[in-house]
Amino acid sequence: MTLSGTKNRNLFATVTLVGAVLLCWSAEAAPRNQMMRNASLAVATQIGKTADTVTCYVYNTSDENICVKYDVYPVWYFSEAKRGTVAQYLPAKTGSSIVWAFPAQQASMQCKLVSARFMPRNELCQ
């Protein structure tokens, strides 16, 4: 093989490697920017009461999907009330119950929004 043939191969390999790295960087950057958009203003929280329970409801008022994270009490683990964090995926214009308590625990019930972000449908809500 000639010296110019080796140079051409090295140049081709270098250009291919640089192109692949640039493509990976651009593919990584787009979803992260989209996932980090704050959606707190599109979230409404409401406490609902019935004869048997007190429930914290969360509503997505936007036209986009949202992942919310709440600091809540009580979270039930084997019939024991504990403090915890709950993540919930909310499709556009929907609502969901995220925590409930017995009426006797109403005064100690907590449901505080920690974060809310817009997200694509195929992403995990954590």
Side-chain angles (χ1 to χ4, degrees):
M1 181 177 280
T2 65
L3 184 59
S4 65
T6 303
K7 284 184 181 180
N8 285 341
R9 281 176 108 185
N10 288 342
L11 178 64
F12 179 73
T14 303
V15 168
T16 303
L17 179 63
V18 169
V21 168
L22 290 175
L23 183 63
C24 288
W25 278 343
S26 66
E28 287 285 321
R32 285 188 185 145
N33 290 339
Q34 184 178 8
M35 285 177 26
M36 292 302 176
R37 291 187 313 132
N38 187 351
S40 296
L41 295 176
V43 175
T45 307
Q46 183 178 13
I47 304 294
K49 299 177 187 178
T50 66
D52 299 332
T53 60
V54 179
T55 306
C56 179
Y57 296 100
V58 179
Y59 299 97
N60 175 357
T61 62
S62 79
D63 293 326
E64 296 182 58
N65 303 324
I66 293 178
C67 177
V68 294
K69 191 178 289 186
Y70 274 82
D71 181 25
V72 297
Y73 178 86
V75 176
W76 295 99
Y77 293 105
F78 303 103
S79 301
E80 185 178 345
K82 295 188 176 190
R83 177 180 216 85
T85 303
V86 175
Q88 182 76 32
Y89 173 80
L90 295 172
K93 302 283 186 187
T94 63
S96 180
S97 166
I98 62 166
V99 67
W100 62 272
F102 295 112
Q105 298 168 317
Q106 175 180 346
S108 62
M109 183 176 179
Q110 298 173 13
C111 183
K112 180 182 175 191
L113 181 65
V114 174
S115 67
R117 60 184 171 88
F118 292 108
M119 60 182 290
R121 185 170 181 80
N122 60 346
E123 293 292 327
L124 276 177
C125 179
Q126 299 179 12

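Here the structure is a predicted model, which means the values were calculated and not measured. Values reported hereafter were calculated over all heavy atoms of this structure, with side chains retained and with hydrogens, waters and symmetry mates removed.
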Looking at L90 and G95, what are the two nearest heavy atoms and their distance? CD2-C, 4.2 Å
Side chains of N38 and S40: is there a donor and an acceptor less than 3.5 Å apart? yes
Of all heavy-atom pairs linking M109 and I47, the shortest is CE-CD1, 4.4 Å
Heavy-atom side-chain contact between P91 and N60 under 4.5 Å: no
Of the non-hydrogen atoms in Q126 and R117, which two are nearest, and what is the gap between them? N-NH2, 4.0 Å
Q88 vs Y70 side-chain heavy atoms within contact, under 4.5 Å: no
Transitively linked via ILVMFWY side-chain contacts under 4.5 Å: V75 with L113? yes
Quick one: pull up NZ in K112 and NZ in K69 and give me the separation to the nearest 0.5 Å. 14.0 Å
To check you understand the geometry: which heavy-atom pair defines the closest contact between A81 and Q105, and what is its length? CB-NE2, 4.1 Å
With the 4.5 Å side-chain cut-off for hydrophobic clustering, are Y89 and Y59 part of the same group? no
Do V72 and C56 have side chains that get closer than 4.5 Å, going by heavy atoms? no
Look only at the side chain of D71 and the backbone of T85, and say whether a donor-acceptor pair between them is shorter than 3.5 Å. no
Shortest non-hydrogen contact between I66 and A116, atoms and distance: CG2-CB, 4.3 Å
For the backbone of V58 and the side chain of S96, can you confirm whether one donor and one acceptor N or O come within less than 3.5 Å of each other? no
If you compare all heavy atoms of Y73 against all heavy atoms of R83, which two are closest, and at what distance to 0.1 Å? CD1-N, 3.7 Å
Taking the side chain from T53 and the backbone from T55, do they hold a donor-acceptor pair closer than 3.5 Å? no
Does V86 belong to the same Ile/Leu/Val/Met/Phe/Trp/Tyr cluster as V43, with side-chain heavy atoms less than 4.5 Å apart forming each link? yes
